[in-house]
Visitor: 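Encoded as structure tokens, here's the structure I'll be asking about.
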Amino acid sequence: MNLERWKTGVFAVAVLAAFGVRADEGGDRPLQIEYENIHYVVNDDGSYTESRETATRVLREQALEYAKNETVGYSTSIQKAEVLEAYTLKADGRRIAVPPGNYQVSASSGQQGDSPVYSDRSTLTVVFPELEVGDTTVFSYRLTANTPLFAGHFSVIESFSPATYYGDLTVSIDAPVQLDARHMSWHMPEPKVKRAGDRERVSWHWRNREPVERETLRDSVFNVERYPGYAFSTFDSYAQIAQAYGGPANAKAAPTARVRELADEIAGDAREPRDVARRLYEWVSRNITYAGNCIGLGAVVPRDLDVVLDNRMGDCKDHATLLQALLTARGIHSTQALINAGGTYSLPDIPVASVVNHVITYIPDMELYLDSTAATVPFGSLPTSIAGKPVLLVEGHHADARTPANDIGGDGQKLVTRLRVDPDGSISGSQRLELSGRLAVAARDQFRDMPASDVEQLVKRYFQQASLKATGKVSFPDPKPLLEQFSIDAEFDVEKMLPVPAGIQVQPWFISFAPVSGVVAGNLGSDEHPPGESGCSGMVSEEQYELEFADGLRVVALPQDVSLEYEGVSYTASYRQEGNTVRVHRLLNDRTPGPVCSPEYNAGYAAMMRRIMPELRSQLIYLRAKE
């Protein structure tokens, strides 16, 4: 089901980016697609053959390494891959066939010919011989899917990069009329539809001989309607896709005696349904390793619960199915939900199975989505990659079903630093770092398995990176629980860290997960290349510094106070001096709602960050007392 792709086009864009070449520079393009022919023949039961032929011409030397290889990925359990033709077409017209020794097959397989337990993905790669600038690679292959992904159904969606040169592109899908398929295309001419007996052929013809500049394709959110492409599906609704997946999945989720005993053991003395659900979720998250195909070719039916429990490993379907079975064993109703874990936040009007590639759990009575494959994410939260997205509910599907977006203001860092600066530039200080939301989750994950010996050496090794000699200690609460709060306390003494006299930027002196300077620097953007649409969410970062300068030093200049605002973002910075002590306070309060931000919002946000940067670069200046 994971067939969504940009095919050759997306890789050509990557090549353009790597070489720093604009797509509209004619002969300066590194390569171009002379033609591509794509043809599907669908059978009555939804099985099919897919044939592709692509001719790629190399225009610049930098593209040779990329163009030497062509790879086909497929599922050995339901597909057979055949190379029909592969050769290098020399500029003078000679054809040099790919020799047998230039083929490489990489397969996932079990022992003694058995099927692999978690992934049957294989790749077939060909290497083109004697390839030079001006030559063209021609690659033709056929995939035969003897078993449909879902019985009686076929669907496909594909987009092409408008930044890639396509001399000619032809797509055709030949399917039985009885499958009652529907189709749609975007930024391509209307298809030709021909009916012959009990079969119907839909074909598109498109060319892109004036590709756009790659800089115009800056969206990190993928919306199929923005790009040339097509979709074809025998599904009449997304609910039907959910049901096609859910039938086999629900059958696997029936709790066995082993699962019931395990559920009781995990729940222990918990009686409230939410407490029980939390314990079951945390057990699956911590004890079942995440691995496998998830949703894709040859991977739409969860494994038996005993297999998952025996191996303590499973893909997203296995996780969701096991958690559903455990919840059912304790009287808590749940259902599985299909979702896109990539850059897609909307579903095309035509229902296509490949737009969902991940499975999570939904508990209706608690209005709670859970993803137990995210081993570090606390109960009640979701990874950013699936927050605020539409879902296909196996039971009770409705068009408005969507995971919640990240809580505004839920992610944050508060840093409090007290520092004494000695006359020789040595410092002694303490720092408390308080983290919430995703930052706390990341910090817990980083410290969860850190050996005690490494913790003891943390201060020393941190400052050693800057060739400084330091001593100190770090303490923090037990990082193992899956919680969205975490704190780190540190004390440190560093010899001759600062020059005297000097002008210094006031920045974190020790570990910081989201310093104001880091957040701002990472979002400056560019006037030359404005940002596109992106996934987004806010974050609060607060910093307090108390800098005490020893006798023999005097502060002579402080940066200016700052107060700035942009829509849901505000920034303030203040500097106060009392004798030889300076207090600094910064607050970046970013309450961007998300989960998606428009190009206009992102441009304004980047401009706001550029307004903040001068303050962060400003300096506190101190001299020796006699100077």
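In this text, all values refer to a predicted model and were calculated from it rather than measured experimentally. Computed over heavy atoms, backbone and side chain alike; hydrogens, waters and symmetry mates excluded.
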Visitor: Do the non-hydrogen side-chain atoms of Q485 and P477 ever get within less than 4.5 Å of each other?
Guide: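 Answer no - side chains too far apart.
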Visitor: More than 12 foreign heavy atoms under 6.0 Å from CD of E261: is that the case here?
Guide: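 Not buried by this count: 12 neighbours or fewer within 6.0 Å.
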Visitor: Measure the shortest side-chain to side-chain distance between D454 and L458 over non-hydrogen atoms and say whether it is less than 4.5 angstrom.
Guide: no
Visitor: Does the distance from a Lys or Arg side-chain N to an Asp or Glu carboxylate O, for D422 and R420, drop under 4.0 Å?
Guide: yes
Visitor: L435 and A440: which non-hydrogen atoms are nearest, and at how many Å?
Guide: O-CB, 3.7 Å
Visitor: Decide yes or no for V582 and Y622: does some side-chain heavy atom of the first lie under 4.5 Å from some side-chain heavy atom of the second?
Guide: no
Visitor: Does the side chain of K473 come within less than 4.5 Å of F492's, by heavy atoms?
Guide: no
Visitor: Taking all non-hydrogen atoms of both residues into account, name the closest pair between D315 and R303 and its distance.
Guide: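 Between these two residues, the closest heavy atoms are OD2-NH1, 3.0 Å.
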Visitor: Provide the closest heavy-atom pair for P273 versus I332 in the form atom of the first, atom of the second, distance.
Guide: O-CD1, 3.5 Å
Visitor: For R418, does the CZ atom sit with more than 12 other heavy atoms under 6.0 Å from it, leaving out its own atoms?
Guide: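 Atom CZ in R418 is not packed in, count stays at 12 or less.
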Visitor: Within the 4.5 Å heavy-atom criterion, are V520 and V516 side-chain neighbours or not?
Guide: yes
Visitor: Parallel, tilted or perpendicular: which describes the rings of F447 and F486, with under 30° parallel and over 60° perpendicular?
Guide: tilted
Visitor: Can you name the closest pair of heavy atoms from L439 and A514 and give their distance?
Guide: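 Looks like CD1-CB, 3.8 Å.
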Visitor: Check E543 with K414, please: is the shortest side-chain N to carboxylate O separation under 4.0 Å?
Guide: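 E543 and K414: not salt-bridged.
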Visitor: Can you list the steps and then say if L587 with H585 is a side chain to side chain contact (heavy atoms under 4.5 Å, CB included)?
Guide: CA-CA 7 Å; L587 176 61; H585 181 260; 4.0 Å; yes
Visitor: Has the side chain of T321 got a donor or acceptor atom that lies under 3.5 Å from a matching backbone atom of K317?
Guide: yes
Visitor: What's the spacing between T344 OG1 and N357 CG if we round to 0.5 Å?
Guide: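 One finds 8.0 Å between OG1 of T344 and CG of N357.
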Visitor: If you define the side chain from C-beta out and look only at heavy atoms, does anything of L262 sit under 4.5 Å from L326?
Guide: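 Yes, at least one pair of side-chain atoms sits under 4.5 Å.
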Visitor: Evaluate whether atom CD of Q577 has more than 12 neighbouring non-hydrogen atoms of other residues, nucleotides or ligands under 6.0 angstrom away.
Guide: yes
Visitor: I'd like to know if R576 pairs up with E578 as an ion pair, taking the criterion as any Lys NZ or Arg NE/NH1/NH2 lying under 4.0 Å from an Asp or Glu carboxylate oxygen.
Guide: no
Visitor: Determine the minimum heavy-atom distance between T376 and V441, stating which atoms define it.
Guide: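 Heavy-atom minimum between the residues: O-CG1, 3.2 Å.
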Visitor: Write down the atom of C316, the atom of T373, and the distance for their closest heavy-atom approach.
Guide: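 So the minimum-distance heavy-atom pair works out to CA-CG2, 3.8 Å.
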Visitor: Would you say L327 and I363 make side-chain contact, with heavy atoms under 4.5 Å?
Guide: yes
Visitor: Using 30° and 60° as the class limits, which term best fits the ring planes of Y601 and Y566: parallel, tilted or perpendicular?
Guide: tilted
Visitor: I'd like to know whether S517 forms a side chain to side chain donor-acceptor pair (under 3.5 Å) with R617, so could you lay out the CA-CA distance, the side-chain angles of the two residues, the decisive distance to 0.1 Å, and finally the verdict.
Guide: CA-CA 9 Å; S517 58; R617 290 173 175 159; over 6 Å; no
Visitor: Students often mix this up, so state it plainly: with edges at 30° and 60°, are the rings of H319 and Y290 parallel, tilted or perpendicular?
Guide: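 Ring orientation of H319 relative to Y290: perpendicular.
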Visitor: With side chains defined as the heavy atoms from C-beta onward, is the minimum distance between L368 and Y362 less than 4.5 Å?
Guide: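 When only atoms from C-beta onward are counted, Y362 and L368 do not touch, as no gap falls below 4.5 Å.
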